[in-house]
Structure formats: structure tokens, C-alpha cells
**Q** 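My structure is below; once you've seen it, I'll send some questions.
Residue numbers start at 1 and run along the sequence shown.
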Amino acid sequence: KLDRNELITYLNSKDIYATFHYLPLNESPYAQKEEIGNPLINTLSIYERLVRLPLHYYLTIEEQKSVLSNIEQFFNKNS
């Protein structure tokens with residue numbers, strides 16, 4: 001099983017800024033304090049797999065291709 005953090009580390013080593021996406025609300029300090037209960041299994045599963053990739057208006061076609069190529073290289077290397 002590939003880890004999201006491994007992909008993020010790999011992309012960052014290639015000067016591609018990637019990070020995790022967000023903390024699910026049910027995992028927030030407020031939710032923990034209020035003991036909202038019921039762990040949201042699907043929410044946690046998705047959270048563990050989401051990666052925020054560079055996405056902005058000034059991203060060139062070459063930069064887009066580089067991001068995609070590096071993601072492909074990561075999965076080919078780790079499959």
C-alpha cells in the first residue's frame with residue numbers, strides 16, 4: 001500500500017509543492033472536545049489519500065506535464 005506522505009515527499013524532492021488536503025471536521029479539536037462521536041470512516045479514508053497538487057492560473061503546460069510525469073514515475077517506481 002502506497003502512502004500519501006511518500007508521494008508528497010517524492011514530489012517535494014522534485015521541487016513540486018504538494019501537501020495533504022485538509023483535516024476532516026470530525027477530527028478537529030472542537031469535534032474532539034465536544035465528543036461528536038461516530039468516526040466517519042469514509043471521511044478518514046479519503047483524507048488519508050488526498051493530495052493537494054499545484055494548481056494556479058500561471059502554471060505552464062510544461063509545469064503541468066512535469067507534475068503529471070513525476071506522479072507517474074512515482075507510481076511506476078513503487079508498483
**Q** What are the two closest heavy atoms between Asn12 and Ala18, and how far apart are they?
**A** OD1-N, 3.2 Å
**Q** Using links of under 4.5 Å between side-chain heavy atoms of ILVMFWY residues, direct or through other members, which residues join Tyr57 in one cluster?
**A**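 Besides Tyr57, the cluster holds Tyr58.
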**Q** Partners of Phe74 by ring pair (Phe, Tyr, Trp, His ring centres under 6.0 Å), sequence neighbours excluded?
**A**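 Partners of Phe74 under the ring pair (Phe, Tyr, Trp, His ring centres under 6.0 Å) test: Tyr10.
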**Q** Name all residues meeting the side-chain hydrogen bond (donor to acceptor under 3.5 Å, both in side chains) criterion together with Ser66; count only those two or more places apart in sequence or in a different chain, and write none if there are none.
**A**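 Here the qualifying residues are Asn70.
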**Q** Run the side chain to side chain contact (heavy atoms under 4.5 Å, CB included) test against Thr9 and tell me which residues pass, sequence neighbours left out.
**A**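 For Thr9, no residue satisfies side chain to side chain contact (heavy atoms under 4.5 Å, CB included) once neighbours in sequence are set aside.
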**Q** List the residues meeting side-chain hydrogen bond (donor to acceptor under 3.5 Å, both in side chains) with Ser69, not counting sequence neighbours, and say none if there are none.
**A** Gln73
**Q** I need the Thr19 OG1 to Leu53 CG distance, nearest 0.5 Å.
**A** 10.5 Å
**Q** Which residues pass the side-chain hydrogen bond (donor to acceptor under 3.5 Å, both in side chains) test with Arg49, not counting sequence neighbours?
**A** Ser45
**Q** Partners of Ile61 by side chain to side chain contact (heavy atoms under 4.5 Å, CB included), sequence neighbours excluded?
**A**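 Counting only residues at least two positions away or on another chain, Ile61 forms a side chain to side chain contact (heavy atoms under 4.5 Å, CB included) with Gln64, Lys65.
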**Q** Can you sort out the partners of Glu63 under side-chain hydrogen bond (donor to acceptor under 3.5 Å, both in side chains), two or more places apart, ordered by chain and number?
**A** Thr60
**Q** Holding to side chain to side chain contact (heavy atoms under 4.5 Å, CB included), I want the full list of residues that pass it with Arg4, two or more places apart in sequence or in another chain.
**A** Ile8, Phe20, Tyr47, Val51
**Q** So Phe75 and Leu7, side-chain contact (heavy atoms from CB on, under 4.5 Å) or not? Walk me through it.
**A** CA-CA 9 Å; Phe75 283 105; Leu7 174 59; 4.3 Å; yes
